[in-house]
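Report on the following structure.
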Amino acid sequence: MEEVLIKDLFRDPDSYLHRHFHVSGWVRTLRVSKTFGFIELNDGSFFRNLQVVFTDNLPNFEEVAKLPIATALRIEGQLVESPGAKQPWEMQATRIEVEGLSHSDYPLQKKRHSLEYLRTIAHLRPRSNTFSAVFRLRSLAAYAIHRFFQERNFVYVHTPIITGSDCEGAGQMFRVTTLDFPDYPRDEQGAVDFSQDFFGKETNLTVSGQLEAEAFCLAFRKVYTFGPTFRAENSNTPRHAAEFWMVEPEIAFADLYEDMALAEAMLKYILSYCLEQAPEEMEFFSRFIDPGLLPRLEHVINSDFGVVTYTEAIELLKKSGQSFNYPVEWGADLQTEHERYLTEQIFKKPVFVINYPKEIKAFYMRLNDDGRTVAAMDLLVPGVGEIIGGSQREERLPLLEARMKECGLDYKDYWWYLDLRKYGGTKHAGFGLGFERAIMYLTGIANIRDVIPFPRTVKAAEF
RNA sequence: UCCUCGAUAGCUCAACGGUAGAGCACCCGGCUGUUAACCGGGUGGUUGUUGGUUCGAAUCCAACUCGGGGAGCCA
């Protein structure tokens with residue numbers, strides 16, 4: 001007998017109606033009367049459940065009537081029109097086989113659970129409606145990203161996860177070592193002797209693939225990375241994780257404006273793709289997680305992102321009359337409250353803030369002609385804040401060296417990075433998209449722990 | 001790391017110095033079209049941990065642990 005996926009039933013019910021076939025899946029809920037009952041079955045292929053009707057014509061009716069939630073079943077039957085209001089059709093079961101019994105203390109109940117509670121059962125939460133929707137969407141969004149770049153002839157680069165650059169400058173790193181704790185080999189000064197370590201030098205988990213991506217960019221013209229990234233920061237917020245995924249495109253012969261155009265096109269592509277491919281999931285988020293999500297995303301797709309220079313942003317914030325906890329002043333970094341006000345109150349849509357003072361940005365960003373700002377851009381979005389950070393890179397060797405000196409960096413740690421400027425260097429630009437932050441924006445989920453299958457955050461790696 | 005709020009049954013919460021409760025879940029029974037089904041009955045607690053105040057602490061105090069929100073760091 002033919003095995004049918006519930007997704008296929010929902011997408012093309014007419015070709016299955018009045019036909020016999022079998023489905024297999026897990027009991028989401030079960031309701032019984034004396035001589036008949038209903039099972040809502042989810043087979044993992046689709047967000048919605050199939051309603052199965054069974055009667056005491058089944059030899060194992062009594063057994064089926066008492067099945068606990070989450071039991072795995074194989075059901076034979078035929079698809080028929082349903083008299084019920086909530087579904088146009090249902091399966092009339094002729095045979096129900098128990099594949100794997102569940103237990104009555106199954107922790108997921110037929111009612112709404114808090115996201116905090118579900119986090120404590122991370123191995124079971126993908127079976128809940130919310131997480132079923134979140135993780136299917138996460139998968140689609142990842143595919144959308146690859147499609148977007150591949151369609152535009154970008155080359156996908158696997159930059160290393162273990163890095164030997166000991167000063168990438170983007171925060172605390174996790175050390176990678178095979179040295180025995182606590183009996184580290186010591187050198188004459190008593191310091192840890194990393195020459196005896198696996199790689200013969202100090203190594204860490206990467207905080208960014210950008211520097212390596214630049215090397216490939218200057219060979220393949222348009223490249224992107226998409227992989228895990230690690231920060232050992234003691235961050236306790238709903239927006240930070242110790243392990244997260246980042247997308248980092250890098251384009252040659254391009255300036256900051258082309259970089260921004262790329263970022264905007266990419267984000268809109270991901271949104272459109274997900275709305276198109278996962279309408280049920282997106283509808284669910286808009287109903288239960290974040291009312292107003294769908295209109296907002298549609299608005300973003302159909303409108304141009306705002307662009308404002310850092311200097312203009314400072315003026316706008318000063319003129320707003322809004323009182324902030326932190327003073328608004330040229331030269332100081334924008335605080336979260338300033339960023340939120342800009343994107344949520346003034347622009348009410350995603351906005352690029354560009355040309356920041358060089359003192360508050362990384363060494364590799366290209367110095368503007370004014371000599372005091374760099375060609376950097378942050379994309380701020382309502383509700384999430386900074387979702388993308390990027391820049392045009394400094395391609396002029398003397399200027400790059402001067403900036404590194406100012407920042408107290410040692411040339412010899414970056415010898416290969418500097419070589420890129422020496423041998424046919426050209427203007428180029430790129431950005432980093434926090435993948436989870438994009439998922440948060442896309443779903444309305446407010447905590448990054450709820451868009452990562454098994455999240456790693458400070459003091460939390462249970463699963 | 002800092003500020004702030006919280007932790008009571010499996011889950012969501014009530015009780016705010018004087019015998020610890022409800023809804024849901026679970027168990028038993030009823031119900032011929034249910035939709036977080038419904039109706040009746042039942043089981044279920046060292047009130048996060050440790051210490052203190054008090055005749056008496058879920059309730060007041062302290063520390064710790066864990067969680068929420070805000071800040072810093074950033075993606």
Side-chain angles (χ1 to χ4, degrees), chain A residues 28-40 48-57 65-66 68-69 80-87 90 92 102-121 124 128-129 168-172 207-210 228-248 263 288 324-326 333-340 360-362 378-381 384-390 431-441 446-452 457-460 462:
Chain A
R28 277 290 178 80
T29 103
L30 187 151
R31 298 176 283 273
V32 280
S33 290
K34 192 175 183 180
T35 59
F36 67 96
F38 300 93
I39 294 171
E40 282 192 38
R48 293 177 60 185
N49 305 319
L50 174 67
Q51 171 158 293
V52 176
V53 191
F54 62 101
T55 70
D56 57 1
N57 290 332
K66 289 179 187 291
I69 294 173
V80 298
E81 277 98 357
S82 172
K86 296 214 171 174
Q87 63 284 317
E90 64 196 11
Q92 194 83 48
S102 181
H103 195 277
S104 65
D105 66 2
Y106 183 64
L108 277 173
Q109 299 176 9
K110 296 188 277 189
K111 64 166 194 173
R112 205 162 179 172
H113 284 295
S114 67
L115 296 177
E116 291 81 16
Y117 170 66
L118 290 168
R119 229 174 269 154
T120 67
I121 47 170
L124 299 176
S128 70
N129 286 332
E168 290 191 20
Q172 286 295 113
V207 294
S208 164
Q210 183 200 316
T229 309
F230 307 88
R231 304 275 165 92
E233 297 289 348
N234 188 9
S235 295
N236 292 287
T237 84
R239 302 184 305 282
H240 291 84
E243 177 180 319
F244 63 99
W245 283 54
M246 196 152 60
V247 181
E248 295 178 289
F288 293 108
F324 296 106
N325 291 324
Y326 292 84
D333 209 351
L334 293 176
Q335 300 294 313
T336 299
E337 58 174 347
H338 305 146
E339 294 183 340
R340 292 186 65 136
I360 57 174
K361 287 293 180 184
D378 283 356
L379 179 64
L380 312 177
V381 299
V384 175
E386 187 180 338
I387 197 171
I388 284 175
F431 62 82
L433 166 77
F435 181 57
E436 282 78 8
R437 291 194 181 169
I439 302 299
M440 292 166 73
Y441 187 57
N447 196 311
I448 197 168
R449 294 167 177 84
D450 299 328
V451 298
I452 300 175
T457 53
V458 182
K459 298 270 194 310
E462 170 73 15

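Lettering follows sequence order; numbering is per chain, from 1.
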Next on the checklist: Regarding A/P68, tell me which of base, sugar-phosphate or nothing describes its non-hydrogen contacts under 4.0 Å with the strands shown.
Outcome noted: nothing
Checklist entry - If you look at every strand shown and take non-hydrogen atoms under 4.0 Å, does A/G84 touch a base, only sugar-phosphate, or nothing? => result base
Next on the checklist: Does B/C2 have OP1 or OP2 under 4.0 Å away from a side-chain N or O of A/N234?
Outcome noted: no
Checklist entry - Has the side chain of A/S235 got a donor or acceptor atom sitting under 3.5 Å from an opposite partner on the base of B/C74? => result no
Checklist entry - Base, sugar-phosphate alone, or nothing: which one does A/A438 contact when heavy atoms must sit under 4.0 Å apart? => result nothing
Checklist outcome for this item: Ranking B/A75, B/U34, B/G68 by distance to the side chain of A/Q87, first place goes to B/U34
Next on the checklist: Base contacts versus sugar-phosphate-only contacts with protein, heavy atoms under 4.0 Å: please encode nucleotides 10-15 of chain B as B, S and - from 5' to 3'.
Outcome noted: BBS---
Checklist outcome for this item: When every non-hydrogen atom of A/Q87 is compared with those of A/S82, the smallest separation belongs to NE2-OG, 3.1 Å
Checklist entry - A/Y106 near the nucleic acid: base, sugar-phosphate alone, or nothing, with a heavy-atom cut-off under 4.0 Å? => result nothing
Checklist entry - Going by heavy atoms in the side chains, are A/L433 and A/I387 under 4.5 Å from each other? => result yes
Item to check | Between C1' of B/A25 and CG of A/L124, the distance in whole Å | outcome: 15 Å
Collect all protein-nucleotide pairs involving nucleotides 26-29 of chain B in which both atoms are nitrogen or oxygen and the distance is under 3.5 Å.
none

Checklist entry - Rounded to the nearest Å, what distance is computed from the CG atom of residue A/L108 to the C1' atom of nucleotide B/A36? => result 13 Å
Checklist entry - Contact class for A/S82 vs. all strands (heavy atom < 4.0 Å): base, sugar-phosphate, or nothing? => result base
Item to check | Contacts of type salt bridge (Lys or Arg N to Asp or Glu O under 4.0 Å), residue A/R28, not counting sequence neighbours | outcome: none
Checklist entry - What do the steps show when you test A/R231 against A/F244 for side-chain contact (heavy atoms from CB on, under 4.5 Å), and what is the final call? => result CA-CA 8 Å; A/R231 304 275 165 92; A/F244 63 99; 3.6 Å; yes
Item to check | Bracket notation of RNA chain B in which parentheses pair within the strand, [ ] cross earlier pairs, and | pairs with another strand (Watson-Crick or G-U, under 3.5 Å) | outcome: (((((((..((((....[..)))).(((((.......))))).....(((((..]....))))))))))))....
Checklist entry - Just wondering, do A/Q92 and A/V53 contact through their side chains at under 4.5 Å, heavy atoms? => result yes
Checklist entry - If you measure from the Lys or Arg side-chain nitrogens to the Asp or Glu carboxylate oxygens, is any gap between A/R31 and A/E40 under 4.0 Å? => result yes
Checklist entry - For A/F36, what residues pass the ring-ring contact (aromatic ring centres under 6.0 Å, His included) criterion, not counting sequence neighbours? => result A/F38
Item to check | A/N236 side chain near B/U1 phosphate (N/O to OP1/OP2, under 4.0 Å) | outcome: no
Checklist entry - Below 4.5 Å, heavy atoms only, C-beta onward: do A/L380 and A/H338 meet side chain to side chain? => result no
Checklist entry - So which nucleotide from B/G72, B/G69, B/G33 ends up closest to the side chain of A/T336? => result B/G72
Next on the checklist: Nearest whole Å is fine: how far is B/C38 C1' from A/K34 NZ?
Outcome noted: 17 Å
Checklist entry - Mapping A/L30 and A/R449 to their closest nucleotides on RNA chain B, which lands nearer the 5' end? => result A/L30
Checklist entry - How long is the line joining NE2 of A/H338 and C1' of B/C73, in whole Å? => result 16 Å
Checklist entry - Say you pick atom P in B/U53 and the same atom in B/A15; how far apart are they, in whole Å? => result 28 Å
Checklist entry - Once you round it to whole Å, what is the distance between P of B/C73 and CD of A/E339? => result 9 Å
Checklist entry - How close or far is atom C1' of B/C3 from atom CD of A/E337, stated in whole angstroms? => result 14 Å
Next on the checklist: By the 4.0 Å heavy-atom rule, please label A/Q335 as base, sugar-phosphate, or nothing.
Outcome noted: sugar-phosphate
Next on the checklist: Can you pull out every side-chain hydrogen bond (donor to acceptor under 3.5 Å, both in side chains) where at least one residue sits in residues 102-111 of chain A? Sequence neighbours excluded, please.
Outcome noted: A/H103-A/D105
Checklist entry - Mind checking the P distance from B/C61 to B/G67? Whole angstroms is fine. => result 24 Å
Item to check | Distance, P atom - from B/G10 to B/G45, rounded to whole angstrom | outcome: 8 Å
Checklist entry - Considering only heavy atoms from C-beta outward, does the side chain of A/L108 approach that of A/I69 to under 4.5 Å? => result no
Next on the checklist: A side-chain contact here means heavy atoms from C-beta on lying under 4.5 Å apart; do A/H240 and A/T457 qualify?
Outcome noted: no
Next on the checklist: Between B/G41 and B/G48, how far apart are the two P atoms, rounded to whole Å?
Outcome noted: 31 Å
Item to check | Polar side-chain contact A/R231-B/A75 base: donor and acceptor under 3.5 Å | outcome: yes
Item to check | Backbone of A/N325 reached by a side-chain donor or acceptor of A/E337 within 3.5 Å | outcome: yes
Item to check | Whole angstrom value for the distance that separates P of B/U34 from CD of A/Q92 | outcome: 15 Å
Checklist entry - A/R31 has an atom CZ; how far is it from atom P of B/C38, in whole Å? => result 10 Å
Next on the checklist: Has A/Q335 got a side-chain atom pairing as donor or acceptor with A/Y326's backbone, closer than 3.5 angstrom?
Outcome noted: no
Next on the checklist: For a quick check of understanding: with a heavy-atom distance under 4.0 Å over all strands, which category does A/E90 fall into, base, sugar-phosphate or nothing?
Outcome noted: base
Checklist entry - Do A/H113 and A/I121 come close enough that some side-chain heavy atom pair is under 4.5 Å? => result no
Checklist entry - Hey, does A/I387 reach any base, or is it just sugar-phosphate, or nothing, if we go heavy atoms under 4.0 Å? => result sugar-phosphate
Next on the checklist: Can you see if the side chain of A/T237 gets near the phosphate of B/G69 - specifically, an N or O under 4.0 Å from OP1 or OP2?
Outcome noted: no
Checklist entry - Taking the same atom, P, in B/A7 and in B/C13, what whole-Å distance lies between them? => result 10 Å
